[in-house]
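Since this is a predicted model, take the numbers as computed values, not measurements. Chain A is the first sequence line, chain B the second, and so forth, proteins listed ahead of strands; every chain is numbered from 1.
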Amino acid sequence: MSQTTSPAIALNELCFSYPDKPHVLDHLDLHIAPGERVGLIGPNGAGKTTLFLLISGILKPTSGKILVHDKNVVSGTFNPQVTLVFQKSDDQLFCPSVWEDVAFGPRSMGLSEDQVARRVQNVLTIVGAQELAQRPVHHLSEGEKRIVAIAGALAMHPQVMIYDEPSAGLDIRTRRRLIGLLKQSDQTLLIASHDLELVLEVCTRVVLLDQGRIVADGPTKTILNDEDLMIAHGQEKPHSLIPHALPHNH
Amino acid sequence: MHIPDGILPLPVTLGGYAVSITICWLCIRSINNRQDPRADVPKAALLTSAFFVASLIHIPIPPTSAHLVLNGLLGALLGVFAFPAILIGLFLQAVMFGHGGLTTLGVNGMILGLPALAAAGVFHCRSRGIMGPPSPKRTTVFGFLAGFSGIVLSVLLFALILLTSLPAHLSAAAERSAILALGLAHMPLAVMEGLLTGLLAGFLLRVQPAILEGV
Amino acid sequence: MIAHSATDSPAAPFVHRWDPRMKLIGLLLLAFTFSFVTNPRVLPVMIALTLVVVAVSRYPLNLLLRRLRYPSLVILGLIALLPFISGFTPLVEWGGLTITREGLQAAILVATRFFCIVTLAAVLLGTTPLLRTITAMQALGLPSIMADMTLLVIRYLEVLSADLRRMRIAMRLRGHAEQRRPWRNLPTLAWLTGSLILRGYERSQGVYNAMRLRGYGHAPIRQSEFTANRKDLLALAGICALSGILIWLELAL
């Protein structure tokens with residue numbers, strides 16, 4: 001870590017336990033530089049979602065520190081710098097119409113109605129969903145819901161965006177659109193996914209989490225290529241990293 | 001057990017609004033006195049949605065079929081949120097499907113809401129006293145009582161309000177027998193809802209006891 | 001019906017564009033005035049007034065008839081009884097049954113009031129998107145807890161009914177058949193309702209997290225987005241005058 005730029009996300013000795021489940025996260029140390037795109041992989045129950053809820057200030061650490069752009073994350077406060085795109089879009093889109101939902105964040109930030117309207121227009125254009133603006137949320141397809149959820153997060157102009165399983169349940173075309181959006185974003189990204197091909201395409205760095213500990217941290221290709229490491233933690237080497245020298249039928 | 005528009009005279013409909021608004025205001029005030037009044041809004045709203053959807057389930061009670069009313073269960077699970085929740089449900093039913101009524105919203109709110117609050121009281125008795133944390137058996141029994149009393153009280157209120165305010169006068173004897181007939185006709189439903197609420201309370205205690213602690 | 005619709009365009013009939021706050025007040029005023037009427041001679045005026053509102057709003061008739069279908073069944077059942085069970089002046093005697101004059105009058109009165117109120121409500125509420133009606137109610141003093149709850153209920157109604165549909169299909173696929181005897185169904189029904197409630201409960205945690213992340217409760221109180229122009233106010237004044245006339249007719253005739 002260079003001393004000139006402070007990290008976008010810094011975890012120091014972060015621990016978290018639920019009352020009925022100890023050591024969900026166990027002494028995590030992690031530094032992510034501004035603009036970095038980091039993939040977080042690991043089996044179900046490794047603690048990825050819990051980590052996200054901690055960084056965004058929904059949960060309170062049992063011990064340790066979380067800093068976002070050098071500021072301590074105080075749980076329970078509104079912190080528009082960090083947003084989280086949920087795995088279940090239906091949970092994230094809690095307003096009845098698309099426009100209202102995207103406008104919710106900017107309104108909470110205290111912007112004027114004019115500014116809110118401009119931001120909503122703007123992000124809907126960025127994600128390519130202008131035509132959905134007046135639609136009721138329950139009429140959207142799963143893919144459209146995910147895109148609108150991303151728009152709702154983007155509308156807050158966050159510096160850090162966290163994605164929990166962004167490609168789950170999407171069709172091929174929407175997944176491609178999502179990858180395009182992720183690649184062109186200039187925020188710091190933290191993406192949890194079982195879709196390793198997506199991680200390979202989007203992220204420059206990968207963190208492997210298992211049983212609440214960071215077991216590997218490094219460049220995407222190096223980690224995903226390490227077959228022994230991947231298998232030891234319930235993962236799989238992505239198909240595209242298997243050399244296709246010999247003719248084979250898949 | 002909805003009274004439609006047009007049947008009740010003005011003093012009754014206005015009175016219904018006055019009573020319902022007052023009770024609702026008291027409920028909202030007690031919610032606003034909480035440390036974070038907004039914290040429980042999503043929970044109450046999502047449960048209200050679930051109740052709304054569940055009340056669309058038909059249950060066959062030979063020779064006819066009935067809808068679940070579930071106001072006893074709603075009271076048991078939502079506590080002070082029950083009354084506002086019922087008003088919201090009735091309003092949406094009136095606007096979206098034309099069920100119920102607009103001028104009778106207040107009266108219908110009373111008919112379903114007051115028994116829901118009573119059921120909440122009944123259900124919370126299960127954890128009072130010296131017997132320690134509620135056992136599955138006690139939860140089921142008090143669930144039955146909550147569901148049963150919810151319907152019975154609603155039928156009584158319904159019959160009373162309807163019969164005392166019909167435009168034509170009925171003889172006192174006819175009124176009494178009508179109330180009795182209505183009450184008896186709803187007995188199967190009351191027992192069904194009681195059993196259902198009891199079973200359900202037992203089920204929830206097993207899988208997610210936090211719901212039973214109320215909103 | 002839920003989101004904004006094309007009815008906001010300036011070409012739409014005035015009823016569609018009328019300030020929803022004024023429209024709500026007007027609707028309640030008229031509906032309560034209608035339920036005040038007991039004089040049979042005022043009923044034609046009431047019917048005429050309702051028809052005028054329907055005509056002016058250009059609300060599609062087939063839509064109106066469809067919306068009236070279910071409520072009609074309920075009310076017809078109720079008023080069909082009235083002529084037999086109440087009153088004392090026999091009108092027609094047929095078999096053992098007696099239709100009384102008072103009972104028949106009461107039935108006509110109730111039916112007219114009912115259809116007029118339900119029609120008005122369908123037309124006036126049906127020409128404003130539901131979400132705007134709720135915002136208007138909030139502007140008229142509905143507590144924000146109630147407004148927030150209402151919006152969330154509307155939003156998750158479809159989600160949870162889709163859940164219920166899926167659960168029932170899954171049950172049927174695994175050989176569950178609805179029994180004729182209700183007590184046999186009861187445990188399944190309890191389980192089904194319980195699962196629905198559980199899903200709502202568990203989802204609410206995620207929804208609350210999402211709301212907190214986007215600053216639920218931090219928004220400054222918004223200025224009402226509604227502005228009533230002179231036309232809006234005049235329309236409401238007109239409704240007030242009409243209510244006044246109805247009340248006067250009711251007392252004078």
Side-chain angles (χ1 to χ4, degrees), chain B residues 4-10 13-14 24 28 31-32 37-39 41-54 56-57 59-62 68 70 77 84-85 88-89 91-92 94-99 101-103 166-170 174 192 195-196 199-200 203-204 207-208 211, chain C residues 31-32 35-36 38 67-68 70-71 74-75 78 82 85-87 102-103 106 109-111 113-114 117-118 121-122 125 130 133 143 145-146 148-150 152-154 156-157 160-161 164 178 180 182 185-187 189-194 196-201 203-204 207-208 211 216-217:
Chain B
D5 283 311
I7 293 184
L8 301 179
L10 186 66
T13 52
L14 279 182
C24 192
I28 296 280
I31 293 165
N32 275 331
R38 288 168 196 273
V41 167
K43 210 192 296 172
L46 271 279
L47 288 178
T48 309
S49 266
F51 276 109
F52 199 103
V53 171
L56 301 176
I57 301 177
I59 44 170
I61 298 184
L68 295 173
L70 295 176
L77 298 191
I88 289 170
F91 170 74
L92 291 179
V95 176
M96 294 167 86
F97 309 121
H99 294 205
L102 190 67
T103 56
L166 277 180
H169 295 288
L170 296 175
M192 284 276 293
L195 290 174
L196 183 78
L199 284 171
L200 230 153
F203 168 73
L204 291 176
V207 296
Q208 184 61 277
I211 297 190
Chain C
F32 277 113
S35 70
F36 176 63
T38 49
R67 287 188 63 88
L68 287 179
Y70 176 80
V74 178
I75 195 78
L78 255 166
L82 273 178
I85 60 166
S86 66
E102 289 78 8
L109 177 71
V110 165
R113 291 202 305 212
F114 169 80
I117 295 174
V118 172
L125 292 173
L130 183 53
T133 304
I145 286 196
M146 294 274 283
D148 292 344
M149 264 180 81
T150 313
L152 284 172
V153 170
I154 296 173
Y156 288 101
L157 219 50
L160 287 169
S161 32
L164 177 67
E178 306 250 319
R180 292 279 307 152
N185 272 332
L186 215 55
L189 199 63
W191 174 84
L192 195 66
T193 319
L196 201 61
I197 287 168
L198 265 179
R199 285 180 188 216
Y201 179 81
R203 197 176 275 278
S204 75
V207 172
Y208 184 49
M211 293 173 81
Y216 177 49

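Using a 4.5 Å cut-off between heavy atoms, B:Leu200 touches chain C through backbone and side chain atoms alike. Looking at B:Leu196, both its backbone and its side chain come within 4.5 Å of chain C, counting heavy atoms on both sides. Looking at B:Ala85, the atoms closer than 4.5 Å to chain C (heavy atoms on both sides) sit in the backbone and in the side chain alike. For B:Leu56, no part lies under 4.5 angstrom from a heavy atom of chain C. The parts of B:Ile211 that come within reach of chain C are both its backbone and its side chain, each placing non-hydrogen atoms under 4.5 angstrom from that chain.
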| request: Check the pair B:Met96 / C:Leu157 against side chain to side chain contact (heavy atoms under 4.5 Å, CB included), numbers first and verdict last. | output: CA-CA 12 Å; B:Met96 294 167 86; C:Leu157 219 50; 4.1 Å; yes
| Would B:Leu46 and C:Tyr201 satisfy side chain to side chain contact (heavy atoms under 4.5 Å, CB included), going step by step from the backbone distance to the final call? | CA-CA 6 Å; B:Leu46 271 279; C:Tyr201 179 81; over 6 Å; no
| request: Show your reasoning for whether side chain to side chain contact (heavy atoms under 4.5 Å, CB included) applies to B:Phe51 and C:Ile197. | output: CA-CA 7 Å; B:Phe51 276 109; C:Ile197 287 168; 4.1 Å; yes
| said: Test side chain to side chain contact (heavy atoms under 4.5 Å, CB included) on C:Leu130 and B:Val95; report intermediate values, then the result. | reply: CA-CA 8 Å; C:Leu130 183 53; B:Val95 176; 3.6 Å; yes
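Using a 4.5 Å heavy-atom threshold, the side chains of B:Leu70 and C:Thr193 count as touching. Between B:Cys24 and C:Met146, some side-chain heavy-atom pair lies under the 4.5 Å cut-off. The shortest side-chain heavy-atom distance between C:Leu198 and B:Phe203 falls under the 4.5 Å cut-off.
The structure places CG of C:Leu160 at 5.5 Å from OG of B:Ser49, a figure rounded to the nearest 0.5 Å. Atom CD1 of B:Ile57 sits about 6.5 Å away from atom CG of C:Leu196, to the nearest 0.5 Å. Here B:Ile7 contributes atom CD1 and C:Ser35 contributes atom OG; the two are 12.0 Å apart, rounded to the nearest 0.5 Å.
With respect to chain C, the highest number of heavy-atom pairs below 4.5 Å among B:Ala45, B:Gly89, B:Pro84 belongs to B:Ala45. Residue with the most contacts toward chain B among C:Leu125, C:Asp148, C:Leu189: C:Leu189 (heavy-atom pairs, distance under 4.5 Å).
Every side-chain hydrogen bond (donor to acceptor under 3.5 Å, both in side chains) that B:Thr103 has, sequence neighbours left out, goes to B:Asp5. Under the ring-ring contact (aromatic ring centres under 6.0 Å, His included) criterion, C:Phe32 pairs with B:Tyr17, not counting sequence neighbours.
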